[in-house]
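Read through the structure below, which is laid out as structure tokens, and then see the notes.
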Number of protein chains: 2
Amino acid sequence: MPNSSRYIYMAGVMKALAHPTRLFIVEQLNEGERNVSDLTTMVGIDISTISRHLSILRQAGIITVRKYNNQMIYSLLCPCVLDMFRCVVQIRESQND
Amino acid sequence: MPNSSRYIYMAGVMKALAHPTRLFIVEQLNEGERNVSDLTTMVGIDISTISRHLSILRQAGIITVRKYNNQMIYSLLCPCVLDMFRCVVQIRESQND
DNA sequence: TTAGTATTTGGTCACTTTGCCAAATAGCCC
DNA sequence: GGGCTATTTGGCAAAGTGACCAAATACTAA
């Protein structure tokens with residue numbers, strides 16, 4: 001039953017969020033649109049790696065992109081993922097008992 | 001900045017949820033407690049694999065366990081993860097435009 | 001067309017994940 | 001203790017992930 005397309009799809013979205021750098025990117029995009037160079041500077045790793053992280057988030061339907069001159073401007077599609085973060089914080093706090 | 005403990009922790013929780021079988025388990029536990037054998041029957045893969053999935057969810061703080069005779073009874077700790085599922089459904093629906 | 005800037009893609013490598021089987025552990029009952 | 005049931009752990013193979021560098025692509029500007 002877990003191999004139904006529903007669970008596979010959901011796992012795909014969660015997997016896209018299951019990386020520190022991608023979570024950071026999502027939070028940054030929640031503040032506003034960013035291009036690849038800006039995100040690269042903030043994160044401090046190779047630009048090609050950032051580009052791949054962005055591609056993963058985009059394919060998962062979490063972010064979108066538009067072209068502006070020779071730049072790619074990324075922005076958050078579903079701010080509801082920020083609510084997920086709140087749940088995670090709840091889990092973390094409930095741990096310390 | 002993404003290598004702060006906050007992002008690493010959050011990514012850990014998301015990673016624990018980033019597998020179809022583990023999502024299925026979480027939904028089952030939302031219906032009520034289950035032991036390992038029951039979950040194994042429902043999922044239909046090796047019991048040792050189920051045990052490992054449960055261990056991952058437990059270590060992430062998403063589920064907990066108690067002993068009853070020679071069984072291990074697992075239950076959901078933070079039902080708020082179900083809200084995450086709702087967000088994922090939202091993402092999926094917004095895709096079909 | 002050529003040079004310059006921004007981004008993506010190909011290739012490689014080390015590491016992690018997930019499945020199975022077999023064996024170990026834990027608790028119950030006789 | 002010995003047998004039975006339930007669960008976890010060790011070991012291994014196949015597949016997936018994430019980082020880098022180098023090269024390709026795309027667009028601007030001269």
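These numbers come from a predicted model, not from an experiment. Below, read A as the first sequence line, B as the second, and so on, with proteins coming before strands; counting in each chain starts at 1.
At a cut-off of 3.5 angstrom, counting only N and O atoms as typed in the model, there is a donor on one side and an acceptor on the other between the side-chain of A:Arg52 and the base of C:dG11. Judged by distance alone with a 3.5 Å cut-off, a donor-acceptor contact links the side chain of B:Asn70 to the base of D:dT5.
Contact annotation: A:His53 does not reach the phosphate of D:dT17 (side-chain N/O to OP1 or OP2, under 4.0 Å). Between C:dG19 and B:Thr49, no contact under 4.0 Å exists linking OP1 or OP2 to a side-chain N or O. For A:Tyr68 and D:dA26, the shortest distance from a side-chain N or O to OP1 or OP2 is not below 4.0 Å.
Here the P atom of nucleotide C:dT9 and the CD atom of A:Gln59 are 11 Å apart, to the nearest Å.
Residues from residues 12-46 of chain B lying near DNA chain C, meaning a heavy-atom separation below 4.0 Å, are B:Lys15, B:His19, B:Arg22, B:Ile45, B:Asp46 in numerical order.
The residue among A:Ser55 and B:Ser48 whose nearest nucleotide of DNA chain C lies closer to the 5′ end is A:Ser55.
Residues satisfying the ring pair (Phe, Tyr, Trp, His ring centres under 6.0 Å) test with A:Tyr7, not counting sequence neighbours, are B:Phe24.
Relative to the ring axis of B:Tyr9, A:Arg92 places its NZ or CZ within 45° and under 6.0 Å from the centre.
With distances taken from any side-chain atom of A:Ile47 to the nucleotides C:dC28, C:dC20, C:dT7, the minimum falls on C:dT7.
B:Cys80-A:Cys87 SG separation is under 2.5 Å; the pair is scored as a disulfide.
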